[in-house]
Amino acid sequence: MGKGSGKLLLIDGNSIINRAFYALPPLTNSSGVHTNAVLGFTTMLLRVLDEEKPSHVMVAFDAGKVTFRHEGYAEYKGGRQKTPPEMSEQFPLLKELLQAFSIPQFELPGYEADDIIGTFTRVAEEQGKTAVVVSGDKDMLQLATDQVTVLITRKGISEVERYTPEQVGEKYGLTPEQIIDLKGLMGDASDNIPGVPGVGEKTALKLLHEYGTVENVLDHASELTGKMREKIEAHSEDARMSKRLATIFREVPLQHSLDEVEWKGYDSAQLVSALRKLEFKSIIERLDLSAAGGVEQAEIEEAAAKYEVIRVDTAGWDALHDKLADAEALYVEAHGENPHQAQGIGVAVAAGSQCFVIPFELLCTPEGERFRAWLADGDAPKYGYELHWTELVLARCGVDLRGQAFDVQLAAYLLDPTESDPSLNGLLQRHQLAGIASDEAVYGKGAKFRVPAAEDLARHLAAKADAVRRLKPHLSKELEDLGMHRLYYELEHPLSCVLAEMEKQGISVNADALKELGVDFQRRIEEMIKAIHELAGFEFNIGSPKQLGEVLFEKLGLPVVKKTKTGYSTDAEVLEKLEPYHEIVRLILHYRQLTKLQSTYIEGLLKEIRPETGKIHTYYRQTIAATGRLSSQFPNLQNIPIRLEEGRQIRKAFVPSEPGWRILAADYSQIELRVLAHISGDEGLKEAFVKEMDIHTKTAMDVFGVEAEQVDSNMRRQAKAVNFGIVYGISDYGLSQNLNITRKEAAAFIEQYFEAFPGVRHYMDSIKAKAKEDGYVTTLLDRRRYLPDIRASNFNLRSFAERTAMNTPIQGTAADIIKLAMIRMDKALRENGLKSRMLLQVHDELVFEVPEEELEIMKKLVPEQMATALDLDVPLLADVSVGSNWYEAK
DNA sequence: GTTATCACG
DNA sequence: ACGTACGTGATAACA
């Protein structure tokens, strides 16, 4: 395409979809997904394509919420109504459809669609091409020139008004450039652009016909009279700013050439499949595409909504009971993230060609008995979504769940643990299955949450149960294909049931002990506040990093060590460096420490103790950590203080739930370095563990080239840091930061380490190479993590991916091992008929409560099960200890 | 909602 | 030359 020929079609995506949404009546496809705005957009698009016959096409979208316009005026677009979920759920659909049309989409953080379009028209003009801009926003008229025509939708979107500079002149008596001045004076309520109050279109036009520009109007304000003069003089700054806000920025840094938006038409098969998904039958017919498209899409359409929704109420139970033998998928809906608190909404079961939906209130009625028996029947297999969470929700109203056969969320996590959208809709989309309505659209968001009418609710929950059923075969096949079948069925799936038991059990926490500690902390915090304010010379909020920064660096003039994006950094690392300068710093550090303990651990934990039982029930999330670790929420019991004595006291409140019982804790010794010894095969490292040497001392000996007797505590400390660095995927910079040494010195340590442990060096090199080759890394049990950035040309991204490649197999294998140990312990407790209970997991530690008479056997059994969970080339070792609370079990 | 900070392995 | 140690969750302040 040479210069001078060609016509660009530039579409303001946000504006058009917005117009379309409000112009067309609500419309949903058979699974309840709203589609009216996409339909309107499509109609407009086809019409303009037909009429304009462009050579190039693109659609621009606004990206993010904050643009450069907010820098000068934070209220820009403020007070706008939030986008209703029925509309926002249509954006992904539209974007998918545009892809099927082979139409490129542009968005750039910090800029709006009209800026991108403005930039394209500038480039088009420079290259002697013509352009047609489509928008619902009259602001765009400022772009009109001899080469650029602007189409503004009217009456919905089926018709457009065509504006060349002449037509702008006819309609407003202005040049296109003056449209900006018009807006500067009259403002725009929808974007929260103020303009001059009291000046509307009429007045603004009159002024502009007389004076031409905003600036000129302001310069000649003295020639005006009365109210008008007062208003304009009082709001001259508003007018100037409004003009700036209304000006389209035409220098957006886009790294694209016009060639990239050249449009050669769409692929019929792709388009028809997208249109079928949306169920836009009339458009398929209009384009005469009925014959196009593969069988696959037809199947998808057929699979969608091919079931009957049956609402179970007081009368509907019998039909459900008859079909329970065929039931496949279960979906339990509850509102809230915390399974120990979520409010039950409804239960859906997909069975044969029917989906039954039971309101949650009916679950525990006498009529629900047979259904509850089915839920509790271990021989009645159920596919589900987040079954572990579901089990806890049901348990709260005394309903047992057994027979979990497959969890689509858990499976999806194994297939890609870093996938950010774990929702059912996300899963459906990734497997190219028909989507369902978004929760946001059905229930509303945040405070506006409402359970819809029974019929709408039933349709939604039925769609979810059906989605689970449709997903299951795809996911289990993929697990099979990737060789992850055993990881799922032998590790993660059984573990989810073990976790649910632990969480239901909970751990007893002595509230009085916590409160007592809290009183002490509070007294000391108040003393410290006084002392800090006295040293500063005035009162301020020490907890505010902003105010603290001002006090330290402006009032007291301490040196600025580090900055954050928003101001001075005041984190512990910085404060430690500042300690010698002023005694206030030490107090602030201590204040921080105590307030952390008070708010997160005293007050936070007290809120989580259930008054009826005195227990805390955490929730282990099994599908969060990219490495395969668990995470703990509501509250997090994996970060209870231990490193500093003051915080460690908190652990005294964690006690056995039965009189006379004890807390038993067992933790793996150096599990990650042992894993490293195994997977790297390094002889020296393996030998160190076989001979049960102190690994940090051994490292110090090799790195510093000295005998064991010559290793002092400082050498050992540094060697320990090197070992941490190795596990994290070492870099000289990271190690230098940690040890407060120069990068050169750190690099020398690392080199020494690799010379002492050549097998480790080889492992680090080969795992990076393998990751580059495959695009992912795996653990010993074939857990997988993709590293898309491993081949990035950006140094930072690539380096991050390389460290992850080195760390994930180590951290992930350690996670595999303790998970195995948990399953084995659970089994061992049952098989030996023991009363002891597994309560907590903290990555390399398991915590139990044990009756006195089982102490001896448990002290042997637990470390033994942990040590033999997986057979490595080095021994695994678990240390065990017992106490009357978690503090003492150390 | 995002940011800074800090608790753990 | 590039500039971060790996993996999490909770809280208070701020926007």
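FYI, side chains are in, hydrogens and waters are out, and symmetry mates aren't considered; it's all heavy atoms of this structure.
The residue A:Ala626 sits close only to the backbone: its heavy atoms come under 4.0 Å of sugar-phosphate atoms, none of a base. Residue A:Ser632 is classed as a sugar-phosphate contact, given heavy-atom separations below 4.0 Å to backbone atoms only.
Here the separation of C:dT4 from B:dT5, taken at their P atoms, is 15 Å to the nearest Å. B:dA4 and C:dA5 have their P atoms separated by 14 Å, with the value rounded to a whole Å.
Judged by distance alone, the side chains of A:Tyr619 and A:Arg621 never bring a donor and an acceptor atom under 3.5 Å apart.
Within the 3.5 Å criterion, the main-chain N or O of A:Val574 finds no donor-acceptor partner in the side chain of A:Lys562. Proximity of a side-chain donor or acceptor of A:Glu419 to a complementary backbone N or O of A:Tyr413 within less than 3.5 Å is not detected. For A:Tyr620 (side chain) and A:Gln841 (main-chain N/O), a donor-acceptor pair under 3.5 Å exists by modelled atom type.
When the nucleotides C:dG9, B:dC6, C:dT11 are ranked by their closest atom to the side chain of A:Ala572, B:dC6 comes out on top. For A:Leu735, the side-chain atoms get nearest to C:dA5 when compared with the rest of C:dT8, C:dC6, C:dA5. Taking only side-chain atoms of A:Asn636, from C-beta outward, the nucleotide of C:dA10, C:dG3, B:dT5 with the closest atom is C:dA10. Of the candidates C:dA10, B:dC8, C:dC14, the closest approach to any side-chain atom of A:Ser544 belongs to C:dC14. For A:Thr566, the listed nucleotide lying nearest its side chain is B:dT3; candidates were C:dG7, B:dC6, B:dT3.
Across all strands shown, C:dC2 forms no Watson-Crick or G-U wobble pair with both distances under 3.5 Å. Taking a pair to require two hydrogen-bonding distances under 3.5 Å in either a Watson-Crick or a G-U wobble arrangement, C:dG9 pairs with B:dC6.
Contact check, A:Thr595 against C:dA12: no side-chain N or O comes under 4.0 Å of OP1 or OP2. One finds a side-chain N or O of A:Thr564 lying less than 4.0 angstrom from the OP1 or OP2 phosphate oxygen of B:dA4. In this model, the phosphate group of B:dC6 is approached by a side-chain N or O of A:Arg592 to a distance below 4.0 Å at OP1 or OP2. Distances shorter than 4.0 Å separate none of the side-chain N or O atoms of A:Arg643 from OP1 or OP2 on B:dC6.
Taking 3.5 Å as the limit, the base of C:dG3 and the side chain of A:Arg743 contain a donor-acceptor pair of atoms between them.
Rounded to a whole Å, the CD1 atom of A:Ile588 is 18 Å from the P atom of B:dA4. Going from atom NZ of A:Lys565 over to atom P of C:dC14 covers 17 Å, rounded to whole Å. Look at OH on A:Tyr728: it is 8 Å from C1' on C:dA5, rounded to the nearest Å. A:Lys562 has its NZ atom 14 Å from the C1' atom of B:dT3, to the nearest Å.
When all heavy atoms of A:Thr813 and A:Pro809 are compared, the pair lying nearest together is OG1-O, 2.5 Å.
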